[in-house]
Asker: 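For reference, the structure I am asking about is given below.
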Amino acid sequence: MTLTATALDFAYDKRPILQGAAFDPLQPGELTALIGPNASGKSTLFRVIAGLLTPSAGTVTLGETDLATLPVRTRLKRVCFMPQFFVANAALTVFDVVMMARKNLSGWRVTTEDMDAVGEALHGAGIGHLSEAYISDLSGGQAQMVSVAQALIRQANVYMFDEPTSALDLHHQLDVLSRIRATIASRGAIGIVALHDLNLAARFADHLILLRQGTVLAQGAPAQVLHQPEIGATYGVDIHITTGPKEDLVVHAYAS
Amino acid sequence: MPTDTTPPLTAQGIVTAYRRRSGRRVALVALAALALFTTVVIDVITGPADLSFWRVAHVIVNPSVATTKEEVIIWDLRLPVALMAVVVGAMLGAAGAEMQTILNNPLADPFTLGLSSAASFGAALAIVSGLSVIPGVGGLFVTVNAFVVSMLASLALFAFTRLRGVTPEAMILVGIAMLFTFNALLAFLQYGASELQLAQLIFWQLGSLARATWEKVGICMIVLAVVMPYFLSRSWALTALRMGEDKAAALGVNVSLLRLMVLAGVSLLSAVAVSFVGAIAFVGLVGPHIARMIVGEDQRGFLPLSALAGALILSGTSIASKAITPGIVYPIGMITSLIGIPFFVSLILSQRKRHWQ
Amino acid sequence: MTFMTNVSGFVPAIAATATLLAAAPDANAEALTLTDIAGREVTLTEAPNKIILGEGRMMYSIAAISEGNPFEKVVGWKDDLILYDPDAFRKFEAAFPQDAERMINFGNPYAGDFSIEAVLEADADLVLLDVGNLFKAEETGLIEKLGKAGVPVVFVDFRRNATENTVPSLLILGRLLGEEQGALEFVDFYIAEMRKVTNVVDQIPAEERPLVVVENAAGWQNDFCCWSFGPYNYGRFVELAGGTNYASKLANAYSIDISMEGIIEADPDHIIGTGANWAEAKPEVTSTLLGYEGDPAVNAEKIDALAMRPGFRDLRAVQDGKYHSIYHQFYNSPYHFIAVQQIAKWLYPDDFADLDPQDTFDRMHAKFMPYDNSGQFWLSASAPAN
């Protein structure tokens, strides 16, 4: 099933954040990168899709269902949202917090299946050696990888990641994004990732959406969107696109 | 970069480490329960009357063999006091644990939010000016006043959050404002009190277990039996809250509603506890910290252990207060502070992990 | 602690004050210098006649030593007499209605601060304070400020070390009021009546003295036990009457919180609780309502109810009918020799078969007080029919 948004408006204290934001249906199994400058409304858009904020106008449709008609808990079971990175300082271990995400508030008992699933998830993400560490002791990057693990362990139709790689080193940035992409594809889910780095967006996304001042300026395949003049205008830079050694798009930006 | 001594490299290794820790957590909670049982036993056999452990056990198991004196001492005096210490300690420990969770603040307990000052003030109103908030309750009216004013203070907190949002900052600010207001009003009432009334007020400000009766123990147990299961049923949501509001909301937690419901539970626990034993500070603050240092903040272990820790602290001080000078009754709040503070400081100094920075 | 030396403790104090008295010239129109109960030397440029009482209950003493109208030289007081002994207040009111009316009310004696302005406004020339307020008076600068304004402060004590300080305090009051004659007569009466007890009791060795538990304000609070006195005040009265005060063994403090269990374990021979007419100010008290308006029928019910409280009812003292109640305000009054006499009678009924405290109290009123005795000031619970 596809994810579509039409004419979303949202204002915070009379200040408009989203103005008629809309995008064409996003296909299952595809990863979309949401790009745009700071304060363009990316986080707000995610929150509106997740149902944490109610838009003053517009709808979000998943398949045939208008998400607004669903009760909050049900909606959040189908739409998994990973907020922007925030260091929590609780006396909880990495295993604990990933388990908590998996349990998703239901059921008190932790079963063997639960434990195995969490163990696999941590191992697969390469953070198995941190499983018994307290999250308050983690570095920023480690905490962010735990956050991604918390999101991916849940079974949802839509996954949204708000800047999942901002604190990661190069190796882990590539690792996390490829894992997200692979998981999305294998589950047939819809993935949206908010990114600042246009190169990462170009490399990993099947689809790009450019958001500026609460409106979608451009959407489509990366090659197509990145060549449009709106990109340079939006970011205030000169953009030149080339192709890298592995047939991937490389974005060069120059201050104008 | 933290490391374990033997980093588990396989998924199964990870699970095994978790199981081990879970098992340890269960064992520690069981150990705490056992320790509590021990302190209760010691509490019941401690007192100015010279009764041996076996004699006490015999009387409890077979009440008919007791002399009148033993019956009164064991059944009417020592047992209610020992059980009251456990129940009130548990109530305060649980209340403190959840207060710290929903307010994201390590200094939170029902007292920091002025709920117990409100109760003291309600009691003072009754003692000094004879004003009963609910007319016609007779001799109980000091207790009832304390309870009612404490609940009114909670309602004020609720009402304020409607205006300013259910955020930890708002709640803490209002709570502290109430704390100071009620303390000031209390001082004002003390100003006009006779020496007998002042002596009565001391009880409220420093607390005492000596007025425990089976009825009071029963009421406290009922309240605990209603509120604890509710808190436990919200374990995952409360644990999620400690990950940050955003994360919790993304998991589907209705953060505002959860905070208000938990506040209601905490208010009930502390209002009932304080109206029966006076203001015993510190238990609700330290109990959760001890629990956190031992089992972390997974609510499934943190909450029960906070209650147990609170009960242990109060049970221990009950023993201490009787042992100082047999025959003299000391206000228990005084002793919890004197013993608790150095113990707490030493715990903090010995801890490497900092969970609140 | 030996009972012998303490029993006779007040005699040297009397001797000392009497000497001072004898040495002083006739006071009425001239300056007087005296040492008050706090050991302060106070000089008054002339005899005071606008006195403010730091405790309204000082009237117990003033009335006892005054020849005519005890209110003559008093302009104001704190309202403890009205609040805590309304029975006695009404006696005064009935005898001296206009004076009772004109008394300026300085508020609650326990509420610390004295309004210096109000004192000066009343044009007072002397303030009498209970010695318990000494520290606070010094700390707040009350004494200093009043001194600057030319108003002397004199301390007396009828409470803390009641038995040692009552006689010196009475003599001080006598000098201040120009009622030395009345004071000496009352002191004679006091000593004589105290001696009736101590002469007999001094002979009784410590091991033979019955154990007594004193309960301060029995019935003031529900399900509470108990406030008691150390070797002070009522605890001291018990000792002077030939008893062993239970709480004296626990601590050397004026007020001690004792546990019910301790009482049960100690198995006292007698229990004495204090009571007064608190019901007017605090309707929910279950204490005996003793005082000038005490009703024997009402109090009989109340004391039986107190004796039947859980924990108390099984005590040997209660079973033997040795549960007593006595007027609370004796704790702050020069009439406490009545309490000592009555306690002695409870403890040693045979030795004091001829002693009649009721008669003593009646005679005291007839000789010294501006009103008659009435009401009830002590009683014992009935032994439960088993």
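Here is how names work: the chains are called A, B, and so on, in the same order as the sequence lines, proteins then strands, and each is numbered from 1. When reading the values below, keep in mind they use all heavy atoms of this one structure, side chains included, and skip hydrogens, waters and symmetry mates.
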Asker: Does any backbone or side-chain atom of Val110(A) lie under 4.5 Å from a heavy atom of chain B? Answer side chain, backbone, both or neither.
Answerer: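 Contact with chain B is through both the backbone and side chain of Val110(A).
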Asker: Nearest 0.5 Å please: distance from the CD atom of Glu245(B) over to the CG atom of Leu52(A).
Answerer: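 Output value for this atom pair is 11.5 Å.
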Asker: How about Met261(B): does its CE atom have over 12 heavy atoms from other parts shown lying under 6.0 Å from it?
Answerer: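 Open.
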Asker: Using a strict threshold of under 4.0 Å (side-chain N to carboxylate O), is an ion pair present between Arg300(B) and Asp96(A)?
Answerer: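 Between Arg300(B) and Asp96(A) there is no salt bridge, as every charged N stays at least 4.0 Å from the carboxylate O atoms.
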Asker: Give, as side chain, backbone, both or neither, the part of Thr74(A) having an atom under 4.5 angstrom from any heavy atom of chain B.
Answerer: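 Neither part; nothing is under 4.5 Å.
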Asker: Taking ring pair (Phe, Tyr, Trp, His ring centres under 6.0 Å) as the test, write out the residues that go with Phe95(A), two or more places apart.
Answerer: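 Ring pair (Phe, Tyr, Trp, His ring centres under 6.0 Å) check on Phe95(A) returns Tyr18(B).
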Asker: Nearest heavy-atom pair of Ala250(B) and Leu76(A): which atoms, and what distance?
Answerer: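 Closest approach of Ala250(B) to Leu76(A): O-CD2, 3.6 Å.
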Asker: Should we say atom CD of Glu30(A) is surrounded by more than 12 heavy atoms from elsewhere, each under 6.0 Å from it?
Answerer: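 Result for CD/Glu30(A): enclosed.
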Asker: What's the shortest heavy-atom distance between Val15(B) and Gly119(A), and which atoms?
Answerer: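 Heavy atoms of Val15(B) and Gly119(A) come nearest at CG2-CA, 4.0 Å.
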Asker: Within a reach of under 6.0 Å around OH of Tyr230(B), are more than 12 heavy atoms found that belong to other residues, nucleotides or ligands?
Answerer: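 More than 12 heavy atoms, drawn from other residues, nucleotides or ligands, come within 6.0 Å of this atom.
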Asker: Could you go through Met243(B) and Gln150(A), starting from their C-alpha distance and side-chain angles, then the distance that decides it, and tell me whether this counts as side-chain contact (heavy atoms from CB on, under 4.5 Å)?
Answerer: CA-CA 11 Å; Met243(B) 291 291 304; Gln150(A) 282 182 294; 3.7 Å; yes
Asker: Can you tell me how far apart NZ (Lys103(A)) and OG1 (Thr239(B)) are? Round to the nearest 0.5 Å.
Answerer: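 One gets 12.5 Å once the value is rounded to the nearest 0.5 Å.
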Asker: I'd like to know whether Asp298(B) forms a side-chain contact (heavy atoms from CB on, under 4.5 Å) with Met99(A), so could you lay out the CA-CA distance, the side-chain angles of the two residues, the decisive distance to 0.1 Å, and finally the verdict.
Answerer: CA-CA 11 Å; Asp298(B) 181 342; Met99(A) 173 60 74; over 6 Å; no
Asker: Using 4.0 Å as the upper bound for N to carboxylate O, is an ion pair formed by Asp246(B) and Arg47(A)?
Answerer: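 Yes, charged N to carboxylate O under 4.0 Å.
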Asker: If you count heavy-atom pairs within less than 4.5 Å of chain B, which of Arg75(A), Arg73(A), Met100(A), Met82(A) leads?
Answerer: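 Maximum pair count with chain B is reached by Met100(A).
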Asker: Among Val295(B), Leu251(B), Val253(B), Asn254(B), which has the most heavy-atom pairs under 4.5 Å with chain A?
Answerer: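 Top count of heavy-atom pairs under 4.5 Å with chain A: Leu251(B).
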Asker: Of the non-hydrogen atoms in Lys247(B) and Pro83(A), which two are nearest, and what is the gap between them?
Answerer: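 Shortest heavy-atom contact: N-CG, 4.0 Å.
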Asker: Can you name the closest pair of heavy atoms from Gly296(B) and Tyr134(A) and give their distance?
Answerer: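 What the structure gives for the nearest pair is CA-OH, 3.9 Å.
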Asker: Taking only residues two or more places apart in sequence or in another chain, which ones pass side-chain hydrogen bond (donor to acceptor under 3.5 Å, both in side chains) with Thr69(A)?
Answerer: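 side-chain hydrogen bond (donor to acceptor under 3.5 Å, both in side chains) list for Thr69(A), sorted by chain: empty.
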Asker: To the nearest 0.5 Å, how far apart are CZ in Arg21(B) and OG1 in Thr93(A)?
Answerer: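 Spacing of CZ (Arg21(B)) from OG1 (Thr93(A)) equals 3.5 Å.
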